[in-house]
Amino acid sequence: MKTILITGAAGDVGTHLRRELAGRYRIRASDLRPLKKIAQETFLRADISKMSDALRITKSVDAVVHLGGYSVEGPWEGILNANIIGCYNVFEAARRNGVKRILFPTSNHATGFYRLDQTIDHRVYPKPDSRYGVSKVFGEALASLYADKYGMQMFCMRIGNVNPVPIDKRRLSILFTPRDLAQLVTIGIEHPQIHFEIVYGVSGNQRSWYDNSNAIRLGYKPQDDSETFAAEVLRREQPGDPTAEQYQGGMFVVAEEIPNPAPLPKKRPARSQLANKGRKK
Ligand code: 15L
């Protein structure tokens, strides 16, 4: 049985994925936050913005699913540490530890500034809609470098919205159900011929903006289609921001920060602050 490292395993997507893959792979879960274990899995607490932690968690695994990092728009400092430095550390640590395959869940926000009336495939140039989107484009570029320069096998999934059901009109186009996620991830782990690939992580939605022929070529057969829920979702839908409604990224194209962002890791006090504590001036 293959051993798979899932970073950011305590998050929503990580939790769905661990549940779906339980019993199929030996799972090593890592996160900065504590994690509620599902079935048999090993948990390693790690801060991927530190190379030493990234090296520790990537030892002796067959593949890495790198979910760790900031998952919405946020302050630059958080994006920089978690998504730029963290992503570099995980890819580089995997390389140094001889791990050949990395699955990188990039995001629909790497291309969020394409308009709703455009159908895009895996070959379009990125049009990120946020600092978060830019960090995902960085990860895709780093994956391309590690494939071409070091011969690693890099599978980038531009993920839509992982949920059992669509939560609004926009998500009718990008719903990605947990079982379809598990199928695409399994292709990313098992396919014998991966060099550098970009696919869209979405179910077989009739309202999709994507030409996902690259995923289909690799054997992806989505089982779900958001259309089942369309009438109910559209009945509930309220008018939204007029600019956001023109672009695939939705609110990410207008928002400086999305409400309820993932919390920033707690900062340790600087050494100098500790030394001065209690000292009289
Ligand atoms: C993403 O990339 C986020 O990680 C997720 O939290 C959702 O906001 C999703 O995009 C979306 O566009 O719905």
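First listed ligand is number 1; within each ligand, the first listed atom is number 1. Only a predicted model underlies this, so the values are computations on that prediction, with no experimental measurement involved.
Using a 4.0 Å cut-off between charged nitrogen and carboxylate oxygen, Glu20 and Arg179 do not count as a salt-bridge pair. Using a cut-off of 4.0 Å between Lys/Arg side-chain N and Asp/Glu carboxylate O, Glu245 and Arg170 are scored as not salt-bridged.
Relative to the ring axis of Tyr114, Lys127 places its NZ or CZ within 45° and under 6.0 Å from the centre.
Taking all atoms of both residues into account, the shortest heavy-atom contact from His191 to Leu218 is CD2-O, 3.4 Å.
Atom NZ in Lys169 sits 12.5 Å away from atom OG in Ser226 (nearest 0.5 Å).
Annotation: ring pair (Phe, Tyr, Trp, His ring centres under 6.0 Å) contacts of Phe155 (sequence neighbours excluded): none.
Protein residues are said to neighbour a ligand when one of their heavy atoms lies under 4.0 Å from it; for ligand 1 these are Ser71, Val72, Ser107, Asn108, His109, Tyr132, Gly160, Asn161, Arg170, Arg171, Ile174, Phe252.
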